[in-house]
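Okay, structure first, notes after.
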Amino acid sequence: PVSIRRYLTLIVLSALLPMGLLAAGLMYFLWSYQQDQRNQELVHRVRAMALVVEGELESTVERLRVLAKDPHLSAGALDAFHARLQQLLALNDDWDNIILLTQERQIINAAVAFNTELPEVVIDRFGPGWIGAGKPVTSDIFTARLRGKPTVAVGVPVLREDGPAEQALVVGLRLDY
């Protein structure tokens, strides 16, 4: 014979089991909803950061385009242009270094004294022929040789009225800015 106590226990369990399963299902759906909300929030944050980075890169390109029209550079007064680059480094907190170069070699490096022996140019940062193409370019992250710091470079060809660009200004950006 089955006791009343056993029947009561089965009744309670048969009532509690569906409620427990319902509670577990609701907890899963709540967790899933929160994960979706968190993912959407992260996507919005990444998009906002991408807009900020894009704006900073565009600002750097525009400042380099203005600098490429500097009268000292046009006149070939490289010592005066070097002094101007050093002044600009002090005024632009997001710039770590400015270099004037050709496809073959660095001409000026604002991080060192004028007429200092400079290392050879690594052209593969932007791809072959980028100076002659006349368009601004941005590199991947790399380690700068003279400073030994990770950086991203932005290059802008120095456009001339009398022919294709043969020189370019390259800025190493501070990644901790």
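No side-chain donor-acceptor contact under 3.5 Å links R47 to the backbone of V43. Judged by distance alone, the side chain of T116 and the main-chain N or O of V112 form no donor-acceptor pair under 3.5 Å. Although no hydrogens or angles enter the test, the distance criterion places a donor-acceptor pair under 3.5 Å between the side chain of S14 and the main chain of L10.
Contact annotation: the side chain of L67 approaches that of L88 to within less than 4.5 Å [non-hydrogen atoms, C-beta and beyond]. Contact of the W130 side chain with the P157 side chain is registered, since non-hydrogen atoms from C-beta on lie closer than 4.5 Å. Between R160 and Q167 there is a side-chain heavy-atom pair separated by less than 4.5 Å. At a threshold of 4.5 Å between non-hydrogen side-chain atoms, the residues N109 and L100 do not count as touching. Residues I107 and L101 have side chains not in contact (no heavy-atom distance under 4.5 Å, counting atoms from C-beta outward). Side-chain contact check for M27 versus W31: every heavy-atom pair is 4.5 Å or farther apart. Residues K149 and T143 are not in side-chain contact: their nearest non-hydrogen atoms beyond the backbone lie 4.5 Å or more apart. With contacts defined as side-chain heavy-atom distances shorter than 4.5 Å, the pair I99/L85 does not qualify.
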> Going through the distances and angles, do H82 and F114 end up as a ring pair (Phe, Tyr, Trp, His ring centres under 6.0 Å)?
Replying inline: CA-CA 7 Å; H82 181 267; F114 188 67; 5.6 Å; yes
>> Could you go through E166 and I131, starting from their C-alpha distance and side-chain angles, then the distance that decides it, and tell me whether this counts as side-chain contact (heavy atoms from CB on, under 4.5 Å)?
In response: CA-CA 6 Å; E166 295 177 2; I131 293 176; 5.5 Å; no
>> Assess the residue pair R38 and E41 against the criterion (salt bridge (charged side-chain N to carboxylate O under 4.0 Å, His left out)); give the C-alpha distance rounded to whole Å, side-chain angles, the decisive distance to 0.1 Å, and a yes or no.
In response: CA-CA 5 Å; R38 193 172 298 126; E41 182 182 329; over 6 Å; no
>> Quick one, L57 with L173, criterion side-chain contact (heavy atoms from CB on, under 4.5 Å). Give me CA distance, side-chain angles, the key distance, then yes/no.
In response: CA-CA 9 Å; L57 289 175; L173 299 176; 3.7 Å; yes
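Rounding to the nearest 0.5 Å places OG of S59 at 9.5 Å from CG of L64. To the nearest 0.5 Å, the span separating CD on Q34 from CG on N39 amounts to 12.0 Å. A distance of 12.5 Å separates CG of L26 from CE of M19, quoted to the nearest 0.5 Å. To the nearest 0.5 Å, atoms NE2 (H44) and CD (Q40) are separated by 5.5 Å. If you take CG on L159 and NZ on K69, they are separated by 8.0 Å, rounding to the nearest 0.5 Å. Rounding to the nearest 0.5 Å gives a distance of 8.0 Å between OG1 of T60 and CG of N92.
For E62, the CD atom sits in a packed shell: over 12 heavy atoms of surrounding residues, nucleotides or ligands are nearer than 6.0 Å. The number of heavy atoms from other shown groups lying within 6.0 Å of CD (E54) does not exceed 12. When the shell of 6.0 Å around CG of L30 is examined, it contains more than 12 heavy atoms from other residues, nucleotides or ligands. The number of heavy atoms from other shown groups lying within 6.0 Å of CD1 (I4) does not exceed 12. Around the CG atom of D140, the shell of radius 6.0 Å holds no more than 12 heavy atoms that belong to other residues, nucleotides or ligands.
V156 and F126 fall into different hydrophobic clusters, defined by Ile, Leu, Val, Met, Phe, Trp and Tyr side-chain heavy atoms under 4.5 Å apart, directly or through other members. Hydrophobic cluster membership differs between L78 and L118, with clusters built from Ile, Leu, Val, Met, Phe, Trp and Tyr side chains linked at under 4.5 angstrom. No single ILVMFWY cluster, assembled from side-chain heavy atoms under 4.5 Å apart, contains both V137 and V152.
A110 approaches L89 most closely through the heavy-atom pair CB-CD1, 3.6 Å. The minimum heavy-atom distance between P136 and V61, with the atom names listed, is CG-CG1, 3.7 Å. Pairing each heavy atom of L13 with each of P18, the nearest pair is O-CD, 4.4 Å.
A salt bridge does not link D94 with R174: every distance from a Lys NZ or Arg NE/NH1/NH2 to an Asp or Glu carboxylate oxygen is 4.0 Å or more.
At a cut-off of 3.5 Å, with distance as the only test, no side-chain donor of R6 or T9 sits close to an acceptor on the other residue.
V154 pairs with exactly one of T138, V170, L169 by the side chain to side chain contact (heavy atoms under 4.5 Å, CB included) rule, that one being T138.
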